[in-house]
Amino acid sequence: MASIGWLLVCVVTLALFVSGARGIDIFLEWDVAIDTSIKPASADQPVITINGKFPGPLINATTNDFVHVNVFNNLDESLLMTWNGIQQRLNSWQDGVSGTNCPIPPGTNWTYVFQTKDQIGSFFYFPSTNFQKAAGGYGPIRVNNRNVILVPFPKPETEFDLLIGDWFAKSYKERRDLPSNDLPDFILMNGNSPFGNQIYESFTLTKGLTYRFRISNVGSALSLNFRIKSHKMVLVESEGSYTNQITLDSLDVHVGQSYSVLVTADQDTAVYYMVATPTQVDTTAKSSLMGVGFLQYANGHELGSLPTGPDPMDRDFSVNQAKSITWNLTTGAARPNPQGTFNVSNITLTQNFVLQGSKAEMGGVLRYTVNNVSYLTTATPLKLADHFVNGTGVYKLDTFPIDTVNSAPTYGTSVVSGIHKGWIEIVFKNSLDVMDAWHLDGFGFYVVGFGDGEWSSDSRSTYNLMDPVVRSTVQVYPGGWSAVYAYLDNPGMWNLRSQNLQNWYIGQEIYIRVFNGDANPLKEKPIPDNVLLCG
Ligand SMILES: *[C@@H]1O[C@H](CO)[C@@H](O)[C@H](O)[C@H]1NC(C)=O
Ligand SMILES: *[C@@H]1O[C@H](CO)[C@@H](O)[C@H](O)[C@H]1NC(C)=O
Ligand SMILES: *[C@@H]1O[C@H](CO)[C@@H](O)[C@H](O)[C@H]1NC(C)=O
Ligand SMILES: *[C@@H]1O[C@H](CO)[C@@H](O)[C@H](O)[C@H]1NC(C)=O
Ligand SMILES: *[C@@H]1O[C@H](CO)[C@@H](O)[C@H](O)[C@H]1NC(C)=O
Ligand SMILES: *[C@@H]1O[C@H](CO)[C@@H](O)[C@H](O)[C@H]1NC(C)=O
Ligand SMILES: *[C@@H]1O[C@H](CO)[C@@H](O)[C@H](O)[C@H]1NC(C)=O
């Protein structure tokens with residue numbers, strides 16, 4: 001008996017260690033609605049709340065948990081929620097973008113069910129269609145480590161979620177109809193701005209203790225430099241990867257990116273400013289553009305000065321910091337295997353995309369383009385078209401130019417094949433004069449390089465193939481390029497988009513269709529029972 005008992009313990013322990021360990025079920029009910037009384041910044045502007053809150057509630061999950069989110073759409077228009085950085089393994093059905101899901105009609109509800117499989121780290125959710133992200137509707141997601149997985153730093157005293165992002169005084173409906181490159185009017189910290197309701201975001205610390213801040217840029221356009229007066233930040237995580245720890249005075253967080261930093265309350269008992277200021281953009285026209293909040297030591301009263309940061313136009317500072325963010329190969333993340341087990345030092349590329357982001361006047365309207373193709377959303381989501389009619393009549397696979405630029409701008413429903421279990425190299429080029437950031441659902445990017453000017457195959461000699469960080473969103477500097485690798489082991493229909501809301505809303509996206517011909521052993525999840533149909 002005793003030996004069988006011992007064997008059972010071993011089996012259970014082993015089961016906990018393998019990546020298939022099943023988490024718990026988390027059930028959430030969300031009432032998504034408009035509130036005009038919040039006034040984070042100015043007049044009676046519509047703000048999208050979840051259960052009355054802006055930002056929305058934290059999703060606090062652990063690796064491999066199943067999250068059930070029953071979304072009640074109480075807006076006056078359709079809604080989809082997407083889970084930025086959550087990879088939806090084998091399950092693009094839950095991705096919540098226009099190519100995978102029918103919109104949830106106003107006055108109805110729909111339940112997402114997804115697993116935080118093999119992931120750990122900091123992410124966020126937001127409404128993906130109708131420009132609604134500009135009105136809020138976003139909130140933090142934490143995926144915690146299972147107890148059997150060691151974390152490469154001591155347990156912090158407390159964790160704080162900090163969503164920073166730009167904000168406009170105009171209503172999101174007005175703005176989506178009038179595309180413009182106006183600078184945002186405010187920068188919010190967890191929905192607060194000192195200019196509107198006069199409430200500052202603040203965190204209370206006890207001297208001597210260390211805290212984890214999970215910081216995401218949930219804004220529409222601006223890259224932000226985040227810093228805290230007199231305090232260093234130790235960078236430990238980027239969108240689900242443990243980084244080699246580096247100590248920073250300030251951190252650039254580009255649109256759609258998430259980081260964890262550790263902050264130790266090692267200064268005199270006082271109150272310290274934390275700020276988020278625009279970077280890589282000339283804001284002299286709006287010099288007051290700054291997100292402001294406080295770190296308040298218990299019993300601290302004295303408030304010092306604002307922390308100074310790098311010159312916002314100092315591109316070398318920003319690029320060098322980006323290059324210094326690397327992957328800790330020896331630590332385990334979601335799985336016990338060290339992260340470095342999955343390194344790219346010796347892989348063979350099977351596909352190469354070179355994608356140039358730009359904009360064009362098309363028939364008198366401004367559109368954003370990828371390789372001179374501006375994405376046209378179809379009434380029937382691509383994923384449903386695949387399922388029912390193999391795409392017929394909705395999109396034509398592989399007509400998008402993956403590595404050349406059309407000689408004239410056109411519209412297209414761009415869907416390209418990604419080779420299942422192949423390694424893809426994607427080079428993003430930015431021909432605009434403002435920052436861009438690119439994101440792929442379903443996978444992590446191994447960020448191998450940044451460069452200026454033209455990319456050519458010679459540029460590969462500058463790549464970091466030793467310890468590139470893995471993350472879901474990479475920034476692309478004006479007139480420059482960023483190169484990433486991804487391992488396409490996740491069959492599905494996956495959105496590749498600009499994280500800049502306006503660029504995405506008017507055309508800067510494509511879909512990568514990863515098809516698994518081999519039905520055994522890992523099939524895609526079947527179409528959900530509660531699937532919505534449309535188009
Ligand atoms: C999140 O979940 C973890 C693990 O269950 C728990 O320890 C922690 O207290 C939770 N945090 C919050 C803010 O709910
Ligand atoms: C809508 O909410 C009800 C009540 O919670 C639930 O029973 C139902 O399954 C939900 N519908 C969908 C499509 O998720
Ligand atoms: C990498 O992770 C290991 C194992 O958790 C840890 O001991 C080490 O300090 C980390 N290295 C850096 C540079 O962060
Ligand atoms: C990367 O992976 C290769 C092949 O698995 C391995 O030989 C190499 O040691 C790894 N590199 C590092 C730095 O861990
Ligand atoms: C590196 O790749 C080559 C060619 O694909 C292969 O022969 C070799 O075994 C690989 N080395 C390691 C350490 O994986
Ligand atoms: C489905 O479409 C793909 C791509 O257009 C094509 O290669 C494949 O043969 C089609 N399959 C069927 C069953 O028609
Ligand atoms: C995109 O189309 C425009 C308008 O025809 C053209 O001027 C431009 O050269 C094209 N872009 C490239 C990189 O070919």
Side-chain angles (χ1 to χ4, degrees), residues 63 99 120-121 144-156 210 212 232-238 240-248 251 259-264 321 323-349 351 378 380-400 402 412-423 444 446-448 463-471 485 487-489 491-494 510-519 523-524 527:
T63 305
I120 188 175
N144 302 297
N145 57 297
R146 292 182 290 135
N147 286 335
V148 291
I149 306 291
L150 297 176
V151 174
F153 46 85
K155 192 172 163 50
T210 298
R212 179 177 183 170
K232 303 271 186 206
M233 297 180 278
V234 178
L235 181 73
V236 294
E237 183 246 340
S238 70
S241 285
Y242 290 125
T243 61
N244 283 314
Q245 294 171 18
I246 50 175
T247 301
L248 302 172
L251 172 66
Y259 285 108
S260 288
V261 298
L262 302 179
V263 176
T264 299
Q321 181 175 84
K323 288 181 176 171
S324 73
I325 298 172
T326 55
W327 221 27
N328 184 331
L329 299 171
T330 59
T331 193
R335 305 184 252 211
N337 327 45
Q339 290 185 146
T341 316
F342 309 94
N343 75 58
V344 294
S345 62
N346 192 33
I347 52 113
T348 307
L349 293 172
Q351 285 180 286
T378 55
T380 306
L382 310 169
K383 184 70 192 154
L384 285 167
D386 250 15
H387 180 82
F388 289 111
V389 292
N390 195 30
T392 312
V394 175
Y395 71 88
K396 273 210 164 66
L397 193 63
D398 293 328
T399 54
F400 172 83
I402 53 170
T413 298
S414 313
V415 186
V416 293
S417 297
I419 296 168
H420 184 231
K421 297 213 164 155
W423 283 94
Y446 291 73
V447 181
V448 294
Y463 285 3
N464 167 20
L465 299 182
M466 270 305 293
D467 56 3
V469 74
V470 181
R471 63 184 320 162
Y485 289 175
Y487 183 54
L488 302 184
D489 63 346
M493 183 66 80
W494 301 111
I510 69 172
Y511 280 82
I512 300 185
R513 178 183 185 268
V514 180
F515 179 69
N516 181 7
D518 177 4
K523 274 200 249 187
E524 270 192 73
I527 187 166

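Quick note: residue numbers are just sequence positions, from 1. Atoms within each ligand, like the ligands themselves, are counted from 1 in listed order.
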Is there any protein N/O under 3.5 Å from an N/O of ligand 3, and what does the full list of such pairs look like?
unit_1: ligand 3; atom_1: 2 (O); unit_2: Asn328; atom_2: OD1; d: 3.2
unit_1: ligand 3; atom_1: 2 (O); unit_2: Asn328; atom_2: ND2; d: 2.3
unit_1: ligand 3; atom_1: 5 (O); unit_2: Thr331; atom_2: OG1; d: 3.2
unit_1: ligand 3; atom_1: 11 (N); unit_2: Asn328; atom_2: ND2; d: 3.0
unit_1: ligand 3; atom_1: 14 (O); unit_2: Gln245; atom_2: N; d: 2.9

* Step through it carefully: locate the ring centre of Trp327, locate the ring centre of Tyr242, and say whether they are under 6.0 Å apart. => no

* Only pairs at least two apart or in different chains count here, so list each salt bridge (Lys or Arg N to Asp or Glu O under 4.0 Å) that has a residue in residues 380-389. => Lys383-Glu524, Asp386-Arg513

* Asked: Which atoms of ligand 4 sit under 4.0 Å from any heavy atom of Met466?
  -> 13 (C)

* **Partners passing side-chain hydrogen bond (donor to acceptor under 3.5 Å, both in side chains) against Thr210 (at least two apart in sequence or in another chain)** => Thr264

* Asked: Is there a donor-acceptor contact under 3.5 Å linking the side chains of Arg212 and Ser260?
  -> yes

* Non-neighbouring partners of Tyr487 that pass ring-ring contact (aromatic ring centres under 6.0 Å, His included), sequence neighbours left out -> Trp423

* **Contact atoms of ligand 6, heavy-atom distance to Leu397 under 4.0 Å** => 4 (C)

* Asked: Between Asn343 and Ser345, do the side chains contain an N or O donor and an N or O acceptor separated by less than 3.5 Å?
  -> yes

* Asked: Are any of the side-chain heavy atoms of Val469 and Tyr446 separated by less than 4.5 Å?
  -> no

* Is the shortest N/O to N/O distance between Asn343 and ligand 4 below 3.5 Å? -> yes

